[in-house]
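Before any comments, here is the structure.
Please read these numbers as outputs of a predicted model, since none were measured by experiment. We count residues from 1, following the sequence as given.
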Amino acid sequence: MEDLAFGLEHPFVHSSSEVRLPSEGMLCIADYWLEADGDQVLFDLMTHPGEDPPVFYYAHEASPPEVRLLANSFTAFIESLPRSELFQGA
């Protein structure tokens, strides 16, 4: 089952001094358990500035870790949530 969590620890910018992350410089806005525990929902504001940026998914347990497009805009992402498994049976 999917789980989406917006919390006080968000937002934050992905960065690492030890390894180059596929999500380097992206803004994390939520944790998202779509495929694994603790994956994240991201905005890439450096590449896609604007009022309604695309939404990406950081699959940190993929081999290798990867960033994939979830929705072409934040509006489309939010509008898709009621039709997702997040709200089934709620």
Side-chain angles (χ1 to χ4, degrees):
M1 171 139 186
E2 296 174 28
D3 191 13
L4 179 66
F6 295 88
L8 296 175
E9 66 277 8
H10 306 105
F12 66 89
V13 175
H14 271 225
S15 65
S16 172
S17 60
E18 298 177 19
V19 64
R20 174 85 175 138
L21 299 171
S23 57
E24 187 75 31
M26 292 182 150
L27 182 67
C28 176
I29 62 165
D31 290 324
Y32 194 20
W33 291 263
L34 180 63
E35 296 173 5
D37 184 18
D39 287 342
Q40 297 169 334
V41 177
L42 308 167
F43 290 147
D44 183 358
L45 298 176
M46 293 185 298
T47 305
H48 304 282
E51 295 179 10
D52 201 10
V55 177
F56 295 90
Y57 174 71
Y58 178 42
H60 78 281
E61 290 190 18
S63 184
E66 63 183 2
V67 174
R68 297 189 300 259
L69 182 68
L70 277 178
N72 288 324
S73 68
F74 184 63
T75 299
F77 175 69
I78 294 298
E79 288 175 347
S80 74
L81 292 178
R83 292 183 297 277
S84 75
E85 290 182 23
L86 289 171
F87 296 96
Q88 299 301 318

Close aromatic pair by centroid cut-off 6.0 Å: F43 and F56: no
side-chain contact (heavy atoms from CB on, under 4.5 Å) between M26 and V13, worked out: CA-CA 6 Å; M26 292 182 150; V13 175; over 6 Å; no
If the condition is side chain to side chain contact (heavy atoms under 4.5 Å, CB included), which residues does P11 pass it with, not counting sequence neighbours?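 Expected list: L27.
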Whether T47 side chain and D44 backbone form a donor-acceptor pair below 3.5 Å: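 Pair absent, no side-chain N/O of T47 close to backbone of D44.
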Considering only residues two or more places apart or on different chains, which pairs with a residue in residues 57-67 satisfy salt bridge (Lys or Arg N to Asp or Glu O under 4.0 Å)? E66-R68
Could you walk me through whether F74 and I29 pass the side-chain contact (heavy atoms from CB on, under 4.5 Å) check? CA-CA 11 Å; F74 184 63; I29 62 165; 3.8 Å; yes
Among W33, Y57, Y32, Y58, which residue meets the side-chain hydrogen bond (donor to acceptor under 3.5 Å, both in side chains) test with D39? Y57
For M46 and E24, which heavy atoms make the closest approach, and how far apart are they?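 That closest heavy-atom pairing would be CE-O, 4.1 Å.
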What's the shortest heavy-atom distance between L42 and C28, and which atoms? CD2-CA, 3.6 Å
Return yes when atom CG of N72 has more than 12 non-hydrogen atoms of other residues, nucleotides or ligands closer than 6.0 Å, and no otherwise. no
Any side-chain heavy atom of L69 within less than 4.5 Å of one from P54?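 They are in contact (side-chain heavy atoms under 4.5 Å apart), so the answer is yes.
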